[in-house]
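Everything quoted here is computed from the prediction, not taken from an experiment. First listed ligand is number 1; within each ligand, the first listed atom is number 1.
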Amino acid sequence: MKKRVFSGTRATGRLHLGNYLGAVKGYLELQDNPDYETIYMVMDLHAITTPYDKEKLAENTRNVVMDYLACGLDPEKSIITAQSLVPEHTYLAHILSSEITVARMQHLPTFKEKVKQHPDHVTMALLNYPVLMAADILLYKASLVPVGIDQEPHLEVAREIGRHMNEKFGTDFPEPKRFVTKGEYVPSLTGEGKMSKSVEGSFISLTDGSETIKKKLSGAPTDSGRGEKVPEKGGVANLLQLVELFEGLENRKKYEEQYLGDGIRYGELKAELAEFIFKELEPIQKQRKVYENDPSLVDRIIREGAEKARVIAGETMKEVRNKIGLIK
Ligand code: TYM
């Protein structure tokens, strides 16, 4: 039997460069590896664990699917669908939530961060977020999960619950490992932290045009352009990391030498970086148009993906029901 891969992105709108380099590039690499069966979803049930707009949710879900397809995910090779169309995810999540403590969930850094962001919206679903994510992965017995480094604490929960289920009930969930890409941590344009959809001014979307990219980069913080030591943190460090990711290590080294020598001219660096980024995004944007113009094709891909996913999900649930002792 082929090993399985599962991953997904919350349905919070368009994908950004962090999602692309940290996750989608990994999805693509594994989709083309014949040793794996790949399943990629838009996590709309995870999206509703923080405040959201009900008028936009379905559209956001479709938009992420279109971004996936535009990047090259192929329904002939991968199962592509929306999480909420496969109810077995929440079904398994409920069972798994009976096997992990509230205290374990409360201590997760990701939970604490969200509590800070939305102090008036600390819901049961938010607390259970990692359990639903464990269910997403275990439902398909996935052994590889292409995600950015920020998701490692969640993966650890999935491993813990899987191990516990195997020991207590004799299930055979494999240990899910992170599939690492070169862009496992894409920094923010603000000079602080990672690129994130929830931080205004921090990200470049896959659908941004050349002018928008230039404008967003022009706002990224810099310094005088020279010094005795190349900064390891902050705006300049982040820009250099983006240079490395989009232009390669050689160009990064070129700028580092300039920093230690005559100085970097950030206007030029940013203009060059914008060009490299747009060069990578342009074909994706062209391909996206094909799907934007054919919404029924996108809907069909989502529907058919859900049907295929439910076959696998149904098998796992039958097994889990039996093993945990539910009525036959
Ligand atoms: P989400 O929606 O926040 O992000 C989707 C993917 O993009 C990666 N990512 C980044 N990678 C590198 N640098 C960044 N700045 C950056 N920002 C985001 C994330 O690591 C992720 O891989 N909990 C998940 C969604 C999820 C999931 C799952 C993933 C739900 N169930 C099961 C895998 C398997 C999340 O919030 O991703």
Colleague: Gly22 heavy atoms, cut-off 4.0 Å: which ligand 1 atoms fall inside?
Modeller: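 The atoms of ligand 1 under 4.0 Å from a heavy atom of Gly22 are 11 (N), 12 (C).
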Colleague: Identify, for atom 6 (C) of ligand 1, the protein heavy atom at the shortest distance, and state residue, atom and that distance.
Modeller: Ala23 CB, 3.6 Å
Colleague: Would you say the side chains of Asn63 and Tyr291 form a donor-acceptor pair under 3.5 Å?
Modeller: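 Per modelled atom types, Asn63 and Tyr291 side chains form no pair under 3.5 Å.
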Colleague: With sequence neighbours left out, write down each residue that passes salt bridge (Lys or Arg N to Asp or Glu O under 4.0 Å) with Glu292, or none if nothing qualifies.
Modeller: Arg288
Colleague: Taking the hydrophobic residues Ile, Leu, Val, Met, Phe, Trp and Tyr, and joining any pair whose side-chain heavy atoms are under 4.5 Å apart, which ones share a cluster with Ile149?
Modeller: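 Grouped by the 4.5 Å side-chain rule, Tyr185 form the rest of the cluster around Ile149.
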Colleague: Would you find a donor on one side and an acceptor on the other, under 3.5 Å apart, between the side chain of Ser7 and the backbone of Val147?
Modeller: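 Checking the backbone N and O of Val147 against the side chain of Ser7, no donor-acceptor pair under 3.5 Å is found.
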Colleague: Please find out if less than 6.0 Å separates the ring center of His89 from that of Tyr140.
Modeller: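 Aromatic pair counts; centres sit under 6.0 Å.
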Colleague: So which heavy atom in the protein is nearest atom 26 (C) of ligand 1, and how far is it from that ligand atom?
Modeller: Met43 CG, 3.7 Å
Colleague: May I ask whether Ser7 has any heavy atom positioned less than 4.0 angstrom from an atom of ligand 1?
Modeller: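 Judged by the 4.0 Å heavy-atom criterion, Ser7 does count as contacting ligand 1.
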Colleague: To which protein heavy atom is atom 29 (C) of ligand 1 closest, and what is the distance rounded to 0.1 Å?
Modeller: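 Looking only at protein heavy atoms, the one closest to atom 29 (C) of ligand 1 is Gly8 O, 3.4 Å.
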Colleague: Run the numbers for me: atoms of ligand 1, each under 4.0 Å from some heavy atom of Lys194, listed by number.
Modeller: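 Listed by number with element, the hits are 15 (N).
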Colleague: What part of Ile137, side chain, backbone, both or neither, has a heavy atom within less than 4.0 angstrom of ligand 1?
Modeller: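 Under 4.0 Å from ligand 1, Ile137 contributes side-chain atoms alone.
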Colleague: How does Leu21 reach ligand 1, if at all, at less than 4.0 Å between non-hydrogen atoms: by side chain, backbone, both, or neither?
Modeller: neither
Colleague: Using a distance-only test with no angle check, is there a side-chain donor-acceptor pair under 3.5 angstrom linking Tyr52 and Asn60?
Modeller: no
Colleague: Are Val65 and Ile39 co-members of a hydrophobic cluster defined by side-chain heavy atoms under 4.5 Å apart?
Modeller: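 In one cluster with Ile39: Val65, no.
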Colleague: Thr9 and Asn19: side-chain hydrogen bond (donor to acceptor under 3.5 Å, both in side chains), yes or no, with the steps?
Modeller: CA-CA 8 Å; Thr9 306; Asn19 305 133; 5.5 Å; no
Colleague: For ligand 1, which atoms, with element, lie under 4.0 Å from some heavy atom of His16?
Modeller: 17 (N)
Colleague: Which part of Val186 is near ligand 1, with near meaning a heavy atom under 4.0 Å away: side chain, backbone, both or neither?
Modeller: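 Val186 to ligand 1: contacts from backbone and side chain alike.
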Colleague: Under 4.0 Å from any heavy atom of Tyr185, which atoms of ligand 1 are there?
Modeller: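 Answer, ordered by atom number: 12 (C), 13 (N).
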Colleague: Among all the protein's non-hydrogen atoms, which is closest to atom 18 (C) of ligand 1, and how far away is it?
Modeller: Asn19 ND2, 3.3 Å
Colleague: Quick one: does ligand 1 sit under 4.0 Å from the side chain of Met195, the backbone, both or neither, non-hydrogen atoms only?
Modeller: both
Colleague: May I ask you to check whether Phe6 and Tyr40 place their ring centres under 6.0 Å from each other?
Modeller: no
Colleague: Within the 4.0 Å heavy-atom shell around Gly183, which atoms of ligand 1 are there?
Modeller: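 Answer, ordered by atom number: 12 (C).
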Colleague: Which residue and atom name correspond to the protein heavy atom nearest atom 12 (C) of ligand 1, and how close is it?
Modeller: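 The closest one turns out to be Glu184 O, 3.2 Å.
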Colleague: Can you tell me if Lys112 uses its side chain to pair, donor with acceptor, with the backbone of Gln106 under 3.5 Å?
Modeller: no
Colleague: Measure from NZ or CZ of Lys279 to the centre of the six-membered ring of Phe276, then state whether that distance is under 6.0 Å and the direction lies within 45° of the axis.
Modeller: yes
Colleague: May I ask you to test the Leu260-Arg226 pair for a side-chain heavy-atom distance under 4.5 Å?
Modeller: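 No, their side chains stay 4.5 Å or more apart.
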Colleague: Who gets closest to atom 19 (C) of ligand 1 by heavy atom: Val147, Thr181, Asp150?
Modeller: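 The nearest heavy atom belongs to Asp150.
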Colleague: Under 4.0 Å from a heavy atom of Asp136: which atoms of ligand 1 are those, numbered in the order shown and with their elements?
Modeller: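 Heavy-atom distances to Asp136 below 4.0 Å select 28 (C), 30 (C), 31 (N), 32 (C).
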Colleague: Which heavy atom of the protein is the closest neighbour of atom 10 (C) of ligand 1, given with residue, atom name and distance?
Modeller: Gly18 O, 3.3 Å
Colleague: How close does the nearest protein non-hydrogen atom get to atom 37 (O) of ligand 1, and which residue and atom is it?
Modeller: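 Result: Gln151 NE2, 3.9 Å.
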Colleague: Taking non-hydrogen atoms only, is Lys197 closer than 4.0 angstrom to ligand 1 via side chain, backbone, both or neither?
Modeller: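 Answer for Lys197: neither.
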Colleague: I need the contact type for Arg10 against ligand 1. Using non-hydrogen atoms and a strict under-4.0 Å cut-off, is it side chain, backbone, both or neither?
Modeller: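 Looking at Arg10 and ligand 1, atoms from backbone and side chain both fall under 4.0 Å.
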Colleague: Below 4.0 Å from ligand 1: does a non-hydrogen atom of Tyr129 turn up there or not?
Modeller: yes
Colleague: Using the rule side chain to side chain contact (heavy atoms under 4.5 Å, CB included), only one of Asn128, Ile161, Val102, Leu132 pairs with Ser97; which is it?
Modeller: Asn128
Colleague: Should you measure from each heavy atom of Val145, which atoms of ligand 1 turn up under 4.0 Å away?
Modeller: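 In order of number, 33 (C), 34 (C).
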Colleague: Which of the numbered atoms in ligand 1 are under 4.0 angstrom from any heavy atom belonging to Phe6?
Modeller: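 Matching atoms, with element in brackets: 32 (C), 34 (C).
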Colleague: Apply side-chain hydrogen bond (donor to acceptor under 3.5 Å, both in side chains) to His164 and Glu167, showing your working.
Modeller: CA-CA 5 Å; His164 171 85; Glu167 278 163 20; 5.7 Å; no
